[in-house]
Amino acid sequence: SYTFNTAEDGTKYITVKKATKADHGASVGWDDSYGDGQANWNHWSISKGRYVFDGVTGTGDNKSNYGFRLTPLACPPPLPDNNNLVDFTYGSDVSYVEFRHIFFEGCGNTEPNCSYGIKSNAAIIANSGSIIANNLFYGFTVHLVLYHWKETVVEYNFFDSNWSASNCHGEQVTFGNNSDDVIYRSNIHRNSQTGGLDVHHNNNKRWKVYNNIFYGGKVAMGVIGTADSGVTHPDVIKNWEVYNNTIYNVTGGGFGSGFFHGYCTDTAYKSKVYNNLFVNTVHPVFASENLDCVEHDYNSFYNSTWLGSGK
């Protein structure tokens, strides 16, 4: 376990980078074997911003190609902290953190202990300007739990096979609590359980969600949307744009496998859902609980079925 807490120095970044021959091959004292294999870690705790964690190599679902690998000390992961591979110090204001080319390896179902890849939950006061790109996540209850994250980019990640149980509510990725202006693009979700990309709590505004692929699994709150419902959780989503996504072989129950806007108090918060493709999908609906807060058109459906009253 390691805590990254070096005080910030203006706009300078601290980079934690996988050693490679390309970077160090000509350096005095360098041996090419120093760059072999993966650099393995068990737990990171972050309390200051402006860090770049870069494994340099690795994309898609090839686990061995990633330069960095984070995995628990044991399975099931020892508590209290190693069920989160990356966490943030409570009450911290951590911004401009980047995670790139890292394999986050979970244990699979470890109930009654839930597990998380990167988790800030409500611990941090605010986060802005962060990037999560070209990583592989496998086998957690929730791969990302990020609250109060604004102006974040999540792109080119592979989210694989989360798990869910009665005491561990699962979904692949969740944001919440005023996470605004997030760009969520070109990610792959495989075998989503309960939810794909879901948000919690109020006022997550102006997201752009596009060019993502969701395939396999069973969801209940939309493959994209809010995991909260009812008048006690109003306006979790405001003014999203969801377009050019592909949903394949996903089974939807409850609020379906499309886009679920949740409880909406004003049609001014309407979201737009356009140009998405659904193939072999069960119940791909676009819904809000009360007002008509989803504008949708130019979506295509192939060999898909609906439960109850249409789409």
Single-linkage hydrophobic cluster, 4.5 Å side-chain cutoff, Leu70 and Phe158 together: no
Whether Lys150 side chain and Asn178 backbone form a donor-acceptor pair below 3.5 Å: yes
For Ser115, side-chain contact (heavy atoms from CB on, under 4.5 Å) partners two or more places apart: Thr110, Phe140, Thr141, Trp163
Single-linkage hydrophobic cluster Val294~Ile247, side-chain heavy atoms < 4.5 angstrom: yes
Crowding at NZ, Lys18 (>12 non-hydrogen neighbours, <6.0 Å): yes
Pairing residues for Ser300 by the side chain to side chain donor-acceptor pair (under 3.5 Å) criterion, not counting sequence neighbours: none
Residue pairs involving residues 206-223 (criterion side chain to side chain donor-acceptor pair (under 3.5 Å); sequence neighbours excluded): Asp181-Arg206, Arg185-Tyr210, Asn187-Asn212, Arg190-Tyr215, Lys208-Glu241, Asn212-Asn245
Listed once per pair and sorted, the disulfide bond (SG atoms under 2.5 Å apart) pairs that draw on residues 197-232, sequence neighbours left out: none
Closest contact, heavy atoms only, His201 versus Asp228: N-OD2, 2.6 Å
Side chain to side chain donor-acceptor pair (under 3.5 Å) partners for Thr194, two or more places apart: Ser164
From CA spacing to verdict: side chain to side chain donor-acceptor pair (under 3.5 Å), Asp235, Thr265: CA-CA 7 Å; Asp235 304 319; Thr265 64; 2.6 Å; yes
With sequence neighbours excluded, residues passing ring-ring contact (aromatic ring centres under 6.0 Å, His included) with Phe53: Phe4, Trp44, Tyr51, Phe99
side-chain contact (heavy atoms from CB on, under 4.5 Å) partner of Leu144, chosen from Asn135, Thr152, Val173: Val173
Note, Val16 side chain near Phe68 side chain (heavy atom, < 4.5 Å): yes
Qualifying disulfide bond (SG atoms under 2.5 Å apart) pairs with a residue from residues 129-200, counting only residues at least two apart or across chains: Cys114-Cys168
Main-chain N/O of Thr3 paired to Ser45 side chain as donor or acceptor, under 3.5 Å: no
Phe214 side, atom CZ; Leu197 side, atom CG - distance, nearest 0.5 Å: 5.5 Å
Asp9 and Arg50, any side-chain heavy atoms less than 4.5 Å apart: no
Distance-only side-chain donor-acceptor flag, Tyr184 / Glu155, under 3.5 Å: no
Carboxylate-amine/guanidinium contact Arg69 Glu105, below 4.0 Å: yes
Side-chain donor or acceptor of Arg100 paired with backbone N/O of Ile131 under 3.5 Å: no
With Glu151 via side chain to side chain donor-acceptor pair (under 3.5 Å) - residues at least two apart: none
Side chains of Val199 and Ile237 in contact at under 4.5 Å (non-hydrogen atoms): yes
Exam field: side chain Asn299 to backbone Asp297, donor-acceptor pair closer than 3.5 Å: yes
Side chains of residues 249-257: which donor-acceptor partners sit under 3.5 Å, not counting sequence neighbours?
residue, atom, partner, partner atom, Å
Asn249, OD1, Asn280, ND2, 3.4
Ser257, OG, Val282, O, 2.8
Ser257, OG, His283, O, 3.2

Note: Asp54-Lys17 ion pair, threshold 4.0 Å (strictly below): no
Nearest-0.5 Å distance that lies between atom CG in Asn275 and atom OG1 in Thr246: 11.0 Å
Reference residue Phe286; test ring pair (Phe, Tyr, Trp, His ring centres under 6.0 Å); the match among Phe260, Trp240, Phe278: Phe278
Proximity of Trp149 and Phe88 rings by center, below 6.0 Å: yes
Test applied, ring pair (Phe, Tyr, Trp, His ring centres under 6.0 Å); reference residue, His189; option that passes from Phe159, Tyr138, Tyr248: Phe159
Sidechain-backbone polar pair: Asn84 side chain, Val86 backbone, donor-acceptor under 3.5 Å: no
Contacts of Asn239 that satisfy side chain to side chain donor-acceptor pair (under 3.5 Å) - sequence neighbours left out: none
Backbone of Val273 reached by a side-chain donor or acceptor of His296 within 3.5 Å: no
Asn157 to Val154 - nearest heavy-atom pair and separation: ND2-CG1, 3.4 Å
Evaluation steps, ring pair (Phe, Tyr, Trp, His ring centres under 6.0 Å), between Phe301 and Trp306: CA-CA 11 Å; Phe301 306 89; Trp306 286 264; 5.3 Å; yes
Set of residues satisfying side-chain contact (heavy atoms from CB on, under 4.5 Å) with respect to Asn134, sequence neighbours excluded: Thr59, His101, Tyr156
Heavy-atom pair of closest approach, residues Ser130 and Ser95: OG-C, 4.2 Å
Side-chain heavy atoms of Thr6 within contact of Lys48, under 4.5 Å: no
Any donor-acceptor N/O pair, Asp180 side chain to Val182 backbone, under 3.5 Å: no
Geometric class of the Phe137/His143 ring pair [parallel <30°, tilted 30-60°, perpendicular >60°]: tilted
Cation-pi check, Lys238 onto Tyr269 ring (under 6.0 Å, within 45° of axis): yes
Rounded distance (nearest 0.5 Å) linking atom CG of Asp61 with atom CD1 of Ile188: 7.5 Å
Spacing of Lys119 atom NZ and Tyr147 atom OH [to the nearest 0.5 Å]: 8.5 Å
OH (Tyr13) with more than 12 external heavy atoms under 6.0 Å: yes
Distance-only polar pair, side chains of Glu289 and His233, donor-acceptor under 3.5 Å: no
Short side-chain to backbone donor-acceptor contact, Ser288 and Leu291, under 3.5 Å: yes
Nearest-0.5 Å distance that lies between atom CG in Asn177 and atom CG in Asn202: 8.0 Å
Pairwise disulfide bond (SG atoms under 2.5 Å apart) hits with a residue in residues 196-261, at least two apart: none
From Thr71 atom OG1 to Asn42 atom CG, the distance as rounded to the nearest 0.5 Å: 7.5 Å
Test item: Asn204 side-chain N/O and Ser179 main-chain N/O as donor-acceptor pair under 3.5 Å: yes
Side-chain (Asn162) to main-chain (Gln193) donor-acceptor, under 3.5 angstrom: yes
